[in-house]
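Residue numbers start at 1 and run along the sequence shown. Whatever order the structure lists them in is the order used to number ligands and atoms, beginning at 1.
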Amino acid sequence: MSDTNVVEIDDIKFLNEQYLDQILKLQKIVIENLSDAASYYVEPVAFFRKQLTIENSVIGFFHNNQLVGFNVATFPGLDDDNIGMGFNFEASELLQVAQIGPAAVHPDYRNEKIFSKLAKEHIKVIEKLGYKHIFLTVAPNNYPTIKIFIDNGFRITQLKIKYNNLLRYILHFDFFNDFKQPKYSVRTPNTDIESQKFIFNLGFYGYNVLKNDNGFDIVFGHDGIKA
Ligand SMILES: CC(C)(COP(=O)(O)OP(=O)(O)OC[C@H]1O[C@@H](n2cnc3c(N)ncnc32)[C@H](O)[C@@H]1OP(=O)(O)O)[C@@H](O)C(=O)NCCC(=O)NCCS
């Protein structure tokens with residue numbers, strides 16, 4: 001098979017079908033080492049098989065020629081799993097949606113900014129491809145993922161039950177809408193789900209994440225009521 005759709009960027013490159021086994025092997029190690037099984041939704045093998053045939057969908061990080069991290073971007077079009085449907089996007093807007101995840105880094109390589117680099121690279125490519133929105137779902141206790149995407153300009157816009165009963169934040173990034181500091185802000189522990197439901201209902205969105213003595217807080221902002 002030809003390797004033409006594999007782009008070299010230092011130790012990061014886009015992956016094709018040849019990498020299916022390496023991804024599944026890495027994912028198996030990641031699953032076996034999860035501190036909270038609910039924080040990672042395991043997609044079926046067919047999902048990876050399909051995404052690996054799509055250009056720019058799966059990006060990998062290599063160390064000594066071994067895959068140690070990956071990130072998947074999907075381009076859902078008008079499929080039911082397009083998160084933009086939950087925002088009442090029209091069809092033309094839905095076609096401009098890219099979604100990020102799943103992603104994983106080998107437990108021996110954590111906290112070395114590998115996922116930060118993969119996410120940044122993938123966001124750049126998604127922008128070059130002309131998409132307007134990026135969505136992703138993340139468990140409210142997944143500090144690294146929330147932190148990385150907040151640092152890249154994403155906002156936490158909803159709290160939902162997804163993937164057969166797993167609680168997830170919906171994170172959104174709009175390439176055409178510059179982030180302004182909100183007019184009002186409140187801070188809650190990430191574990192205080194009931195307060196967050198209330199805050200989301202008032203139109204607040206999460207825009208920062210700050211470590212506290214027990215874990216971390218989400219900082220929510222509101223732009224004020226428009227007259
Ligand atoms: C989420 C995951 C991909 C992050 O990978 P990573 O390469 O270790 O992340 P990074 O090194 O880029 O870290 C990003 C931030 O999180 C912090 N961080 C990373 N691991 C952490 C940990 N275990 N505890 C606290 N903070 C952590 C980093 O310090 C960094 O924050 P900073 O910018 O304030 O320094 C990895 O932890 C993983 O594979 N988890 C299991 C699967 C999963 O949850 N996937 C994502 C959902 S699909």
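Set against the non-hydrogen atoms of Thr145, the atoms of ligand 1 under 4.0 Å away are 1 (C), 46 (C). Close approach to Glu112 involves these atoms of ligand 1, each under 4.0 Å from a residue heavy atom: 11 (O). For ligand 1, the atoms lying closer than 4.0 Å to a non-hydrogen atom of Lys113 are 10 (P), 11 (O), 12 (O), 30 (C), 32 (P), 33 (O), 35 (O). Within ligand 1, counting atoms from 1 as listed, the ones closer than 4.0 Å to a heavy atom of Ala103 are 42 (C), 43 (C), 45 (N), 46 (C), 48 (S). Atoms of ligand 1 found under 4.0 Å from any heavy atom of Lys147 (numbered from 1 in listed order, with element): 31 (O), 32 (P), 33 (O), 34 (O). Near Ile114, meaning under 4.0 Å from any of its heavy atoms, are these atoms of ligand 1: 7 (O), 12 (O). Close approach of ligand 1 to Leu34 (heavy-atom distance below 4.0 Å) involves ligand atoms 41 (C). Annotation for ligand 1: atoms under 4.0 Å from non-hydrogen atoms of Ser116 are 10 (P), 12 (O), 14 (C).
Looking at atom 37 (O) of ligand 1, its nearest protein heavy atom turns out to be Arg110 CD, 3.2 Å. Nearest non-hydrogen protein atom to atom 26 (N) of ligand 1 is Tyr143 CD2, 3.5 Å. Of all protein heavy atoms, the one closest to atom 44 (O) of ligand 1 is Asn142 ND2, 2.9 Å. Counting protein heavy atoms only, atom 7 (O) of ligand 1 is closest to Phe115 N, 2.9 Å. Protein heavy atom at the shortest distance from atom 39 (O) of ligand 1 is Val105 N, 2.8 Å. Regarding atom 21 (C) of ligand 1, its nearest protein heavy-atom neighbour is Pro144 CG, 3.7 Å.
Considering OG1 of Thr191 and CZ of Phe216, their distance stands at 8.5 Å, rounded to 0.5 Å. With rounding to the nearest 0.5 angstrom, the CZ atom of Phe204 is 9.0 Å from the OH atom of Tyr184. Distance OH/Tyr41 to CZ/Arg168: 10.0 Å, rounded to 0.5 Å. Taking CZ from Phe70 and CG from Leu15, the interatomic distance works out to 9.5 Å, rounded to the nearest 0.5 Å. One distance of note links CG of Asn56 with CG of Leu129; it measures 5.0 Å at 0.5 Å rounding.
Proximity of atom 23 (N) of ligand 1 to the protein is not indicated, since no non-hydrogen protein atom lies closer than 4.0 angstrom. Atom 5 (O) of ligand 1 is flagged as protein-proximal [any protein heavy atom, distance under 4.0 Å].
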side-chain contact (heavy atoms from CB on, under 4.5 Å) between Asp108 and His63, worked out:
CA-CA 11 Å; Asp108 294 347; His63 183 251; over 6 Å; no
Between Phe62 and Tyr19, is the ring pair (Phe, Tyr, Trp, His ring centres under 6.0 Å) condition met? List the steps.
CA-CA 12 Å; Phe62 290 80; Tyr19 292 91; 5.7 Å; yes
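For Ile148, the heavy-atom gap to ligand 1 drops under 4.0 angstrom. Not close to ligand 1: Gly101, with no non-hydrogen atom less than 4.0 angstrom away.
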Would you list the atom pairs, donor with acceptor, under 3.5 Å between side chains in residues 137-152 and any protein atom, with sequence neighbours excluded?
unit_1, atom_1, unit_2, atom_2, d
Thr137, OG1, Tyr163, OH, 2.6
Asn141, ND2, Asp36, OD2, 2.6
Asn142, OD1, Thr145, N, 3.4
Asn142, OD1, Thr145, OG1, 2.9
Asn142, ND2, Thr145, OG1, 3.3
Lys147, NZ, Asp151, OD1, 3.3
Lys147, NZ, Asp151, OD2, 3.1
Asn152, OD1, Lys120, NZ, 3.2
Asn152, ND2, Ile148, O, 2.8

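Linking ILVMFWY side-chain heavy atoms closer than 4.5 Å, directly or via other members, places Ile12 and Val125 in a single hydrophobic cluster. By the rule that hydrophobic residues join a cluster once side-chain heavy atoms approach within less than 4.5 Å of another member, Ile54 and Ile126 end up as members of one cluster.
In terms of N/O distances under 3.5 Å, ligand 1 is not approached by Ala104. Inclusion of Val30 in the set of residues having an N or O under 3.5 Å from an N or O of ligand 1 is not warranted.
Looking only at distances, no side-chain donor or acceptor of Thr157 sits under 3.5 Å from a matching main-chain atom of Leu171.
Heavy atoms of Lys117 found under 4.0 angstrom from ligand 1: none, in either backbone or side chain. Contacts between Val138 and ligand 1 below 4.0 angstrom, taking non-hydrogen atoms only, are absent altogether. Only the side chain of Tyr40 comes within contact range of ligand 1, with a heavy atom under 4.0 Å; no backbone atom does.
In this structure, Phe87 and Phe89 have tilted ring planes: the angle between them lies in the 30° to 60° band.
A heavy-atom distance below 4.5 Å is not found between the side chains of Glu55 and Phe14.
Nearest residue to atom 29 (O) of ligand 1 from Asn33, Asp151, Asn111 is Asn111 (criterion: closest heavy atom).
Applying the ring pair (Phe, Tyr, Trp, His ring centres under 6.0 Å) rule to Tyr40 yields no partners; only residues at least two apart in sequence or on another chain are considered.
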